[in-house]
Each structure stands twice: as C-alpha cells, then as structure tokens.
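Here is the naming used below: chain letters follow the sequence lines, and residue numbers restart at 1 for every chain.
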Amino acid sequence: MKLSRKKIEELKETARICRRDILRMTTLAASGHPGGSLSCIDILVTLFFARMRHNPRQPKWEGRDRFFLSKGHSCPALYAVLSRAGYFPVEELDTLRKLNSILQGHPDMLYTPGVEVSSGSLGQGLSIGNGVALAAKLDRRDIKVYVMMGDGECQEGMVWEAAMTSAQHKLDNLCAFVDYNRLQIDGWIDDIKSLEPLQLKWESFGWKALIIDGHSIEEIWEGLMEADRTKGKPTVCIARTVKGKGVSFMENQAKYHGMALTPEELSKALQELE
Amino acid sequence: MEMLGTRDVYGKTLVELGRENENIVVLDADLASSTRTSYFAKEFPHRFFNMGVSEQDLIGTAAGLALAGKLPFVSSFAIFLAGKGWEPIRQSICIPNLDVKLVATHGGITVGEDGASHHSTEDFALMRVLPNMTVICPADGVETEKAIREIVKHRGPTYVRLARPKFPVVLDHTYQFQLGRSFTLREGKDLTMIATGIMVYNCLRAAEELDKEGISAAVVNMSTLKPIDVPAIARAARQTGAILTAEEHSVIGGLGSAVAEVVSQNCPVPMKIIGVDDLFGVSGNADKLMEHFRLTYPYIVEGARQLLGMK
Ligand SMILES: Cc1ncc(C[n+]2csc(CCOP(=O)(O)OP(=O)(O)O)c2C)c(N)n1
C-alpha cells in the first residue's frame with residue numbers, strides 16, 4: 001500500500017500544526033521537553049493519522065492498535081497528536097504541567113484519555129509493549145503494538161533485556177522506533193556512551209532493523225509497511241532525526257532538551273512554522 | 001532572606017573536594033547538568049564518568065571504583081538513584097559495605113512540574129532500611145556544604161538527599177555538622193518539632209505562629225536520618241511530652257517512622273507525622289505542590305494543635 005500525495009501533504013500539515021502546539025504548550029508551562037518532542041513528532045503523526053486503528057471517541061476500544069511512548073518526557077508530542085485526533089479539546093494543551101491538569105509532566109494513563117500507560121522513567125516501554133503483544137498473540141487478537149524509544153534511552157539495560165524477549169517470542173506484531181537524534185541531556189550520545197553499531201546490535205538481538213529518515217513521511221510509511229511484511233520477528237525502525245527539528249535555532253541543540261522557549265523565542269519559532 | 005540551592009552548593013563543594021583529594025571520582029547518569037556534577041566534570045574531566053542513562057551500571061561501576069581504592073561520589077535524581085538503583089545499591093554497595101557516596105538531587109515533590117514519575121517520596125524509606133547505609137538530608141545550603149565535607153571523613157555507604165529549588169538558609173555559617181547528631185534551632189516547652197530538609201524552615205515558621213497562641217514549640221533539625229539521634233529524641237520526649245515530625249517524603253517509612261521507632265520503644269509520648277500522604281505526586285509548581293500536599297506551615301500549626309490535644 002502506498003500513501004497518496006494528498007495524504008502525505010495532509011500529514012505534513014498536521015505535523016506542522018503539532019509542532020506549533022508543542023512549542024506553545026511548553027512555553028505556557030514554562031517547562032517541559034520541546035527538543036525530543038520535535039524530533040519524534042513526524043512519526044507520531046504518521047502513526048495516529050495514517051496507520052493505527054484507533055477511535056478517539058472510544059479510547060479503550062479493544063480492537064485498537066497500541067502506542068507506547070517509552071521516552072515519556074516527549075509527551076508534548078503525544079498530547080498534541082491526541083488532542084488533534086480528538087481525544088480531548090485542544091484548549092487542554094494550555095494547562096500542561098499545571099496543578100489539576102489532565103496533562104501531566106510525564107504521561108499518566110489515569111489522567112489522559114489515549115495515553116496507554118504511565119511513563120517517564122526511561123527504559124521500560126519496550127517490556128510493556130512486549131507484554132501487550134504477547135497477550136494479543138494469546139488472545140489471537142490482530143492488533144499492532146508500537147513503541148517509541150529515545151536513543152539515550154537505549155543506554156538502559158532493560159531495553160536490551162526486552163529486545164531479547166521480543167525476539168524470543170517472535171513478536172512480529174510489535175514495531176519499535178528509536179528516535180535517533182544523537183543527543184541526550186548532557187550532550188552527544190557518541191561522547192557519553194555510544195550505541196554504535198546500532199543497526200547491527202538490533203539485528204544480532206534477532207530483530208529486523210531498518211534505518212529510516214524520521215522526518216520523511218514516505219520513509220516512515222515504508223518502515224511501517226516493511227514491519228507489516230516481516231513475519232516471525234519484531235521490527236525496529238532506527239529513525240534518523242534532528243532534535244528540535246523545524247526551528248532553526250533549536251536544531252541539534254542539547255539545551256532545548258528540557259527547556260521551554262521564552263515568549264520572544266516562541267514567536268520567532270512560530271514564524272518559522274507558518 | 002538568603003536562599004541557596006542545595007544542589008548548587010553540592011556542585012561547588014565537590015570541585016573544592018576534588019582539588020583537596022585526588023582520590024575522589026564522580027559519576028553521573030546523564031543528569032550532570034542538573035545535579036551540578038557538571039562543575040566537577042569541567043575541572044576534572046578525567047576523574048568524571050558520565051555513564052549515560054544507565055543507573056544500574058552507574059551503581060555497579062561506582063562499586064568497582066571503590067573496591068579499587070577510589071572514593072566515588074555518585075549522582076542522579078533521587079528517584080533514579082535510590083529507586084532504579086536500589087537493588088544494585090543493596091547488593092554491590094551495602095552488603096560489601098563499600099565506601100560510596102550517593103548524592104541525589106531532586107528529592108521530594110518540589111521537583112514540581114515533572115510530576116509523579118520524577119517525584120521521590122520514598123527514598124528515605126528505601127535507603128534507611130538498608131543495613132550499613134547512612135542517610136542524610138540537609139536543611140539548607142550551609143548544611144549541605146558541611147555535610148558533604150564531613151561524609152568524606154566517614155567510611156561506608158552514604159546517601160545524601162538534596163533538592164531542586166533554592167531553600168531559605170536557616171543555619172548560620174558557624175554551624176558544625178556532626179554525623180548522627182541533631183541540632184536544636186529553637187527551644188520550647190510544649191512540644192518538639194523534629195524536621196528534615198526544607199521542612200526545618202517550615203517548622204520554624206510554624207513555631208513562630210504557635211508562639212503567638214502561647215504555644216512554645218522546640219524545633220530540631222534531624223539531618224541525619226540514620227543513624228538517628230536517639231538521645232536527642234528521648235530528651236525531647238521527656239522534656240516536652242509531644243513530638244511532631246515533618247518531612248518532604250511519604251508519611252510511611254521516613255523520618256516520622258524513624259522517630260516513632262525510637263519514641264514507641266524508649267519514651268512513648270503522643271506523636272504527629274507530617275509528610276506526603278500515601279499518594280503519588282502530580283504536576284504543578286513547587287510552591288503550589290507544597291500547599292497541595294499540606295506541607296506548608298499552616299498545616300504544621302494545625303498538626304501541632306491536634307497533637308497537644310492528645311497530650
Ligand atoms: C531512568 C531515567 N533516568 C534518567 C531520566 C532523566 N532523563 C530524561 S530524558 C533523558 C535523556 C534521554 O535521551 P533520549 O532518550 O535520547 O531522549 P531525546 O533526546 O529523544 O529527548 C534523561 C536522562 C529519566 N527520565 N529516566
């Protein structure tokens with residue numbers, strides 16, 4: 001299956017709107033994690049607006065595909081997508097991180113419709129995805145499980161424990177993404193604890209490992225199609241991305257990992273995203 | 001009022017210690033900019049190890065460095081150090097009784113907006129229950145510097161809990177930190193408030209309010225939670241006949257529990273434990289959360305009144 005030109009343009013437009021949402025809500029909250037939200041947003045948009053079977057009016061519908069945001073700090077991206085998909089009013093984004101908001105600083109399934117599990121401590125999402133994928137196999141339920149991880153997150157041992165589990169159980173109903181923006185909080189991954197050769201690592205753990213451009217809707221889509229075609233093993237898309245993507249002065253800057261833009265920076269950034 | 005960030009003071013003190021003691025090495029897990037171990041990293045890059053997002057590896061590596069004769073200071077956020085690191089801390093540091101200093105920042109709920117996943121209201125309980133472990137939570141920046149210097153002299157596993165926001169300074173610069181000794185900041189007759197961390201300041205404010213009502217409250221800074229100052233607690237019980245504890249931690253397993261263990265078995269008197277109820281955190285600004293979780297001074301005043309009713 002191929003995406004139509006029109007659909008691709010539509011997804012790009014949604015991603016542009018979501019990028020604006022991410023920046024606005026974090027500046028209003030005066031905190032939060034814009035950098036890693038901008039790097040994974042194109043993948044989230046493609047999943048929620050083109051690929052996944054889900055129903056915003058029935059967030060707990062049993063037949064839905066599941067998305068787990070293991071790199072929970074990037075929840076502004078998830079909240080933007082969920083609100084634009086209709087899980088809750090877009091106005092809620094203005095309450096991010098404030099007392100009594102449905103939008104917690106890290107995802108909390110008890111507060112936010114559409115959030116599949118609470119996260120924020122890195123390294124745990126793939127194991128949870130495995131659990132759901134195993135249950136789907138037991139129940140003979142035809143659903144897909146998607147897990148989004150960070151590259152820094154892949155320094156957690158638990159990620160690799162989980163990677164062995166997915167392969168052991170031939171979880172071809174699971175597809176993971178690594179948001180490979182090459183940055184973590186304290187700097188470049190390669191200067192702190194390199195993951196390379198990352199594709200070979202995943203392959204040697206029994207996975208189908210693809211390298212894609214995480215900002216190209218076409219390549220994200222191709223990765224998803226390849227994951228569907230792959231039988232007998234899980235698939236990981238190592239997505240080459242840029243932290244802060246879409247705003248010139250944020251791109252590849254570690255400092256915007258956990259720092260919101262000032263109101264002045266925000267208006268400059270929003271101009272770039274007109 | 002002077003305000004100091006306990007983590008800022010930690011970062012600076014670590015650099016000074018690094019100059020004095022070549023044996024000190026520092027490890028972090030991708031939070032060096034927040035824990036302020038980045039200051040040490042800048043001055044002593046070859047004695048600093050950023051382990052990446054790998055807290056368990058962080059603990060094990062520190063244990064190895066200690067085995068080989070180094071003096072490791074290990075930092076991350078409290079939830080990831082004490083929480084994610086707990087079993088390796090137990091197995092590889094506490095059972096072999098190794099000299100590793102665990103200094104956690106971002107303790108409690110004043111972490112604020114990051115919410116439940118990042119709040120740490122269980123770390124006193126988690127660390128206190130480990131044999132061989134010493135547990136410290138300084139009241140302010142002044143005490144942080146003294147405590148960090150003092151633990152270098154002490155041998156054995158040590159956990160120090162610091163905070164994200166700046167705190168009011170309650171101790172003057174002549175204050176001497178003594179491991180295992182509490183410090184009375186204010187004398188009183190009707191009850192004793194025993195507190196740790198930011199709650200020391202909140203208790204001092206509560207004591208001023210109570211004073212206006214003619215209630216005389218002593219305030220004790222219990223910065224060493226373990227080994228706890230048993231004689232001071234027994235004295236407080238004897239002299240004032242009622243004890244209130246206050247901590248930015250769950251009411252289960254922390255300072256209140258530690259004091260109750262002493263009081264109930266040595267000198268039973270009525271007690272009131274002020275802390276975070278048995279609930280997870282929520283996102284919000286740190287000051288609002290202190291109010292939300294009923295840790296501000298009016299709630300301490302209310303708790304003191306209830307306590308006096310039990311006397
Ligand atoms: C277990 C754990 N340790 C530390 C942190 C603090 N932390 C939040 S984000 C982050 C860096 C993550 O880097 P990466 O996965 O590459 O995220 P991205 O660059 O995509 O935002 C760290 C260390 C955490 N949330 N969880």
key: A:Lys193 and its side chain to side chain donor-acceptor pair (under 3.5 Å) partner, picked from B:Asn50, B:Asp57, B:Asp30   =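 Output: one option passes, namely B:Asp57.
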query = Which bit of A:Ser31 is near chain B, if near means a heavy-atom gap under 4.5 Å: side chain, backbone, both or neither?
reply =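 It is the side chain, since no backbone atom gets that close.
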ask   = What part of A:Ser119 is in contact with chain B, defined as an atom under 4.5 angstrom from a non-hydrogen atom: side chain, backbone, both or neither?
value =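 A:Ser119 touches chain B through backbone heavy atoms alone.
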What do you reckon, is [atom1] of [X] surrounded by more than 12 foreign heavy atoms closer than 6.0 Å?
X        : atom1 : answer
A:Arg24  : CZ    : no
A:Lys201 : NZ    : yes
A:Arg66  : CZ    : yes
B:Glu22  : CD    : no
A:Arg240 : CZ    : no
B:Asn21  : CG    : yes

Do [X] and [Y] have side-chain heavy atoms sitting under 4.5 Å apart?
X        : Y        : value
A:Asp108 : B:Phe280 : no
A:Arg97  : B:Asp114 : yes
B:Asn285 : A:Leu99  : no

I need the [X] [atom1] to [Y] [atom2] distance, nearest 0.5 Å.
X        : Y        : atom1 : atom2 : value
A:Leu122 : B:Glu55  : CG    : CD    : 7.5 Å
A:Ile192 : B:Ser54  : CD1   : OG    : 10.5 Å
A:His73  : B:His118 : NE2   : NE2   : 8.5 Å

ask   = Using a cut-off of under 4.5 Å for heavy-atom pairs, which of B:Ser33, B:Ala29, B:Gly115 has the most such pairs with chain A?
value = B:Ser33
Chain B contacts, top residue of A:Ser118, A:Ala29, A:Ser121 (heavy-atom pairs, under 4.5 Å) = A:Ser121
request  = Quick one: do A:Glu156 and B:Gln56 satisfy side chain to side chain contact (heavy atoms under 4.5 Å, CB included)? Show the steps, please.
outcome  = CA-CA 8 Å; A:Glu156 286 287 0; B:Gln56 297 175 330; 5.7 Å; no
ask   = Shortest non-hydrogen contact from B:Ser117 to A:Gly120?
value = OG-CA, 3.8 Å
Shortest non-hydrogen contact between B:Val53 and A:Gln184, atoms and distance = CG2-NE2, 3.8 Å
Chain A contact via [X] - side chain, backbone, both or neither, heavy atoms under 4.5 Å:
X        : result
B:Glu113 : both
B:Ser283 : both
B:Leu31  : both

